[in-house]
**Student:** 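To start, I am sharing the structure in question, which I have written as structure tokens.
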Protein chains: 2
Amino acid sequence: MDRTDESLIALRRILRATEQFGRELAQASGLTAAQFRVLQLVAEKGSITAKEISVRMGITQATVTSLVDKLVSQGMVLREKSDRDRRQTNIGLTERGAHAIDEAPDALQQRYVRAFEALKDWEQAQVVASLERVAAMLDADDIDASPVLDIGDIRGRH
Amino acid sequence: MDRTDESLIALRRILRATEQFGRELAQASGLTAAQFRVLQLVAEKGSITAKEISVRMGITQATVTSLVDKLVSQGMVLREKSDRDRRQTNIGLTERGAHAIDEAPDALQQRYVRAFEALKDWEQAQVVASLERVAAMLDADDIDASPVLDIGDIRGRH
DNA sequence: TTAAATACTTTGCCAATCGAAGCACCGAAG
DNA sequence: CTTCGGTGCTTCGATTGGCAAAGTATTTAA
């Protein structure tokens with residue numbers, strides 16, 4: 001088996017583990033993975049528009065609306081019309097939301113974080129470099145958006 | 001920002017790109033990502049039971065049934081009662097299924113594969129090593145849950 | 001002032017997934 | 001041979017995430 005296959009297999013393992021991760025998170029926090037990601041974005045920016053969430057997550061606004069609905073009904077975030085532009089809705093974190101962020105992820109990432117931090121310094125550096133490299137190789141957006149000519153030309157219909 | 005965060009961010013990028021990947025695959029092949037994974041398992045083993053699919057994919061049998069239903073209705077696979085144990089259903093690949101496997105994935109992995117193969121030898125080695133390491137760190141989770149025997153019982157509430 | 005663009009919501013749809021309940025079948029214990 | 005608990009699968013009813021299209025405000029350009 002060649003290296004390419006090995007790398008694909010490892011990738012698949014990563015994906016699989018992560019899916020599982022997400023399901024456990026759902027269990028543990030009462031939030032689903034998608035809802036949690038929204039919550040993280042809100043927390044990260046303090047206040048954020050639906051539009052920006054949709055762009056950052058790569059989903060449509062309609063979907064954002066429905067995710068935010070769920071978070072609102074759980075009291076995790078709240079909507080507020082923007083004053084600057086009254087078409088916009090700013091989504092902000094509540095106490096509960098902040099609390100959920102603090103609690104939930106910890107349990108989930110802990111294992112990975114611990115293992116990662118147990119690596120030697122140069123090992124960590126190597127892992128980060130490799131992950132970033134892989135991310136770049138996979139990231140279609142990069143390629144679409146970049147002026148690079150040699151890749152992806154044949155792909156056609158998008 | 002510390003290395004741990006960097007690695008988590010890169011991981012997230014990988015996941016996101018992969019989701020996108022899946023959606024493109026759905027577009028290109030008429031199969032969804034989940035259906036495609038089932039198809040791959042069938043192809044890999046030649047003939048496989050629903051149970052085994054559910055274990056390998058980490059989903060319930062109910063879900064497998066519905067995925068296989070869709071593949072059957074598209075003529076990609078077929079069901080056959082096992083002779084050895086008539087409770088079991090063996091799921092086998094059709095011509096069309098085999099064909100779909102040959103066609104679809106290629107177009108999709110191409111981007112990654114090309115980029116990967118463009119790396120220098122030592123870079124490839126490093127990427128593979130890092131991915132495997134990360135997979136192992138994430139999988140640790142599985143190890144808790146996966147003594148295949150007790151799965152689904154101990155974990156209880158799902 | 002009016003028309004086009006933008007930000008969001010609503011509606012109606014589909015896929016993936018689950019748990020619970022049901023059916024068929026196997027194997028072991030009588 | 002009959003009965004009964006476990007196993008493999010399907011059915012049913014929900015929920016979530018996701019999308020596209022149409023609708024509602026609101027801003028901006030003409």
Side-chain angles (χ1 to χ4, degrees), chain A residues 15-16 19-27 29-39 47-74 77-91, chain B residues 15-16 19-27 29-39 47-74 77-91 148-153 155-158:
Chain A
L15 298 185
R16 215 183 139 286
E19 275 168 32
Q20 215 56 43
F21 230 50
R23 280 176 219 153
E24 284 169 37
L25 171 131
Q27 229 57 50
S29 69
L31 291 172
T32 64
Q35 290 166 19
F36 193 77
R37 260 178 286 149
V38 170
L39 197 59
S47 179
I48 191 175
T49 64
K51 175 74 180 184
E52 185 168 356
I53 293 175
S54 81
V55 170
R56 296 277 290 270
M57 289 182 61
I59 61 183
T60 63
Q61 284 195 5
T63 303
V64 172
T65 295
S66 104
L67 292 174
V68 170
D69 281 349
K70 282 161 198 161
L71 290 174
V72 167
S73 78
Q74 287 175 82
V77 302
L78 30 82
R79 287 190 170 98
E80 245 174 19
K81 284 268 175 191
S82 160
D83 284 327
R84 277 199 358 279
D85 181 340
R86 300 190 45 73
R87 288 167 306 181
Q88 293 186 328
T89 303
N90 288 124
I91 297 154
Chain B
L15 299 186
R16 207 183 144 285
E19 275 169 32
Q20 214 57 43
F21 228 52
R23 281 177 218 150
E24 284 171 37
L25 172 132
Q27 220 66 45
S29 69
L31 292 172
T32 64
Q35 290 166 20
F36 193 75
R37 259 177 288 148
V38 170
L39 198 59
S47 179
I48 190 175
T49 64
K51 175 75 180 182
E52 185 167 355
I53 292 175
S54 81
V55 171
R56 297 276 290 269
M57 288 182 62
I59 60 183
T60 63
Q61 284 194 4
T63 304
V64 172
T65 295
S66 108
L67 292 174
V68 171
D69 280 349
K70 282 162 197 161
L71 290 173
V72 167
S73 79
Q74 287 175 82
V77 302
L78 30 83
R79 286 189 171 98
E80 243 173 23
K81 284 268 174 191
S82 161
D83 285 327
R84 278 197 358 278
D85 181 339
R86 299 192 44 75
R87 288 169 304 183
Q88 293 186 329
T89 303
N90 289 122
I91 296 154
V148 177
L149 302 174
D150 49 87
I151 212 172
D153 275 339
R155 310 214 309 145
R157 322 278 73 216
H158 200 36

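Letters A, B, ... mirror the listed sequences (proteins, then strands); counts begin at 1.
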**Student:** Decide yes or no on side chain to side chain contact (heavy atoms under 4.5 Å, CB included) for B:L71 and B:V38, but give the supporting numbers first.
**Tutor:** CA-CA 9 Å; B:L71 290 173; B:V38 170; 3.5 Å; yes
**Student:** Flag the pair A:V72 / A:V77 as yes when at least one side-chain heavy-atom distance between them is below 4.5 Å, and no otherwise.
**Tutor:**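 Side-chain contact under 4.5 Å: yes.
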**Student:** Checking the side chain of B:Q74 only, and the main-chain atoms of B:K70 only, is there a donor and an acceptor separated by less than 3.5 Å?
**Tutor:**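 Such a contact is found between B:Q74 side chain and B:K70 backbone.
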**Student:** Sequence neighbours excluded, which residues qualify as side chain to side chain contact (heavy atoms under 4.5 Å, CB included) partners of B:T63?
**Tutor:**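 Once residues adjacent in sequence are excluded, the partners of B:T63 under the side chain to side chain contact (heavy atoms under 4.5 Å, CB included) criterion are B:I59, B:T60, B:L67.
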**Student:** Which whole-number value in Å describes the distance from B:K51 NZ to C:dC26 P?
**Tutor:**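 Distance, rounded to whole Å: 17 Å.
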**Student:** Under the side chain to side chain contact (heavy atoms under 4.5 Å, CB included) rule, collect the residues that match up with B:Q88, sequence neighbours excluded.
**Tutor:**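 Expected list: B:T49, B:S82, B:R84, B:D85.
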**Student:** In whole Å, I'd like the distance from the CD atom of B:Q88 to the C1' atom of C:dC26.
**Tutor:**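 To the nearest whole Å, that distance equals 10 Å.
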**Student:** A:L31 vs A:L39, test: side chain to side chain contact (heavy atoms under 4.5 Å, CB included). Steps then yes/no.
**Tutor:** CA-CA 9 Å; A:L31 291 172; A:L39 197 59; 3.7 Å; yes
**Student:** Going by salt bridge (Lys or Arg N to Asp or Glu O under 4.0 Å), name the residues that satisfy it together with B:E80, two or more places apart in sequence or in a different chain.
**Tutor:**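 Expected list: none.
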**Student:** Over how many whole Å does the gap from A:E80 atom CD to C:dC8 atom P extend?
**Tutor:**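 After rounding, the gap between these two atoms is 14 Å.
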**Student:** If you compare all heavy atoms of B:Q61 against all heavy atoms of B:S54, which two are closest, and at what distance to 0.1 Å?
**Tutor:**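 Closest approach of B:Q61 to B:S54: CG-OG, 3.8 Å.
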**Student:** Identify each atom pair where a protein N or O and an N or O of nucleotides 27-30 of chain D are less than 3.5 Å apart, giving names and distance.
**Tutor:**
residue	atom	partner	partner atom	Å
D:dT27	OP1	A:R86	N	3.1

**Student:** Quick one: label A:S82 by what it contacts on the DNA or RNA (base, sugar-phosphate, nothing), any heavy atom closer than 4.0 Å.
**Tutor:**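 Answer is nothing: A:S82 stays at 4.0 Å or more from every strand.
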**Student:** Provide, to the nearest angstrom, the distance between the CG atom belonging to B:L71 and the P atom belonging to C:dA15.
**Tutor:**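 Distance check: B:L71 CG to C:dA15 P gives 12 Å.
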**Student:** Start at the 5' end of DNA chain D and walk down; is the nucleotide closest to A:K70 or to B:E52 reached first?
**Tutor:**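 It is B:E52 whose nearest nucleotide is closer to the 5' end.
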**Student:** Establish, with yes or no, whether the OP1 or OP2 oxygen of C:dC18 is under 4.0 angstrom from a side-chain nitrogen or oxygen of B:T60.
**Tutor:**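 Answer yes for this pair, as a side-chain N or O of B:T60 is under 4.0 Å from OP1 or OP2.
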**Student:** With side chain to side chain contact (heavy atoms under 4.5 Å, CB included) as the test, would you mind laying out the steps for A:I48 and A:N90 before giving the verdict?
**Tutor:** CA-CA 5 Å; A:I48 191 175; A:N90 288 124; over 6 Å; no
**Student:** To the nearest angstrom, how far is A:L67 atom CG from D:dG18 atom P?
**Tutor:**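 Taking CG of A:L67 and P of D:dG18, I get 6 Å after rounding.
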**Student:** Taking atom C1' of C:dA15 as reference, at what distance in whole Å does atom CE of B:M57 sit?
**Tutor:**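 Computing the B:M57:CE to C:dA15:C1' distance gives 13 Å.
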**Student:** Distance check needed: C:dA7 P versus A:I53 CD1, whole Å only.
**Tutor:**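 Distance, rounded to whole Å: 14 Å.
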**Student:** Please give, in whole Å, the distance from C:dC8 P to A:I48 CD1?
**Tutor:**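 So the two atoms are 10 Å apart, to the nearest Å.
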**Student:** Go through the structure and list residues passing side chain to side chain contact (heavy atoms under 4.5 Å, CB included) with A:T89, not counting sequence neighbours.
**Tutor:**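 Side chain to side chain contact (heavy atoms under 4.5 Å, CB included) check on A:T89 returns A:R79.
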**Student:** Can you name the residues that form a side-chain hydrogen bond (donor to acceptor under 3.5 Å, both in side chains) with B:R86, not counting sequence neighbours?
**Tutor:**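 Partners of B:R86 by the side-chain hydrogen bond (donor to acceptor under 3.5 Å, both in side chains) criterion come out as none, since no residue qualifies.
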**Student:** Under 3.5 Å, which protein N or O atoms sit close to an N or O of nucleotides 1-5 of chain D? Give each pair with its distance.
**Tutor:**
none

**Student:** Please tabulate the protein-to-nucleotide N/O contacts below 3.5 Å involving nucleotides 10-14 of chain D, giving atom names and distances.
**Tutor:**
residue	atom	partner	partner atom	Å
D:dT10	OP1	B:R79	NE	2.8
D:dT10	OP2	B:T65	OG1	2.8

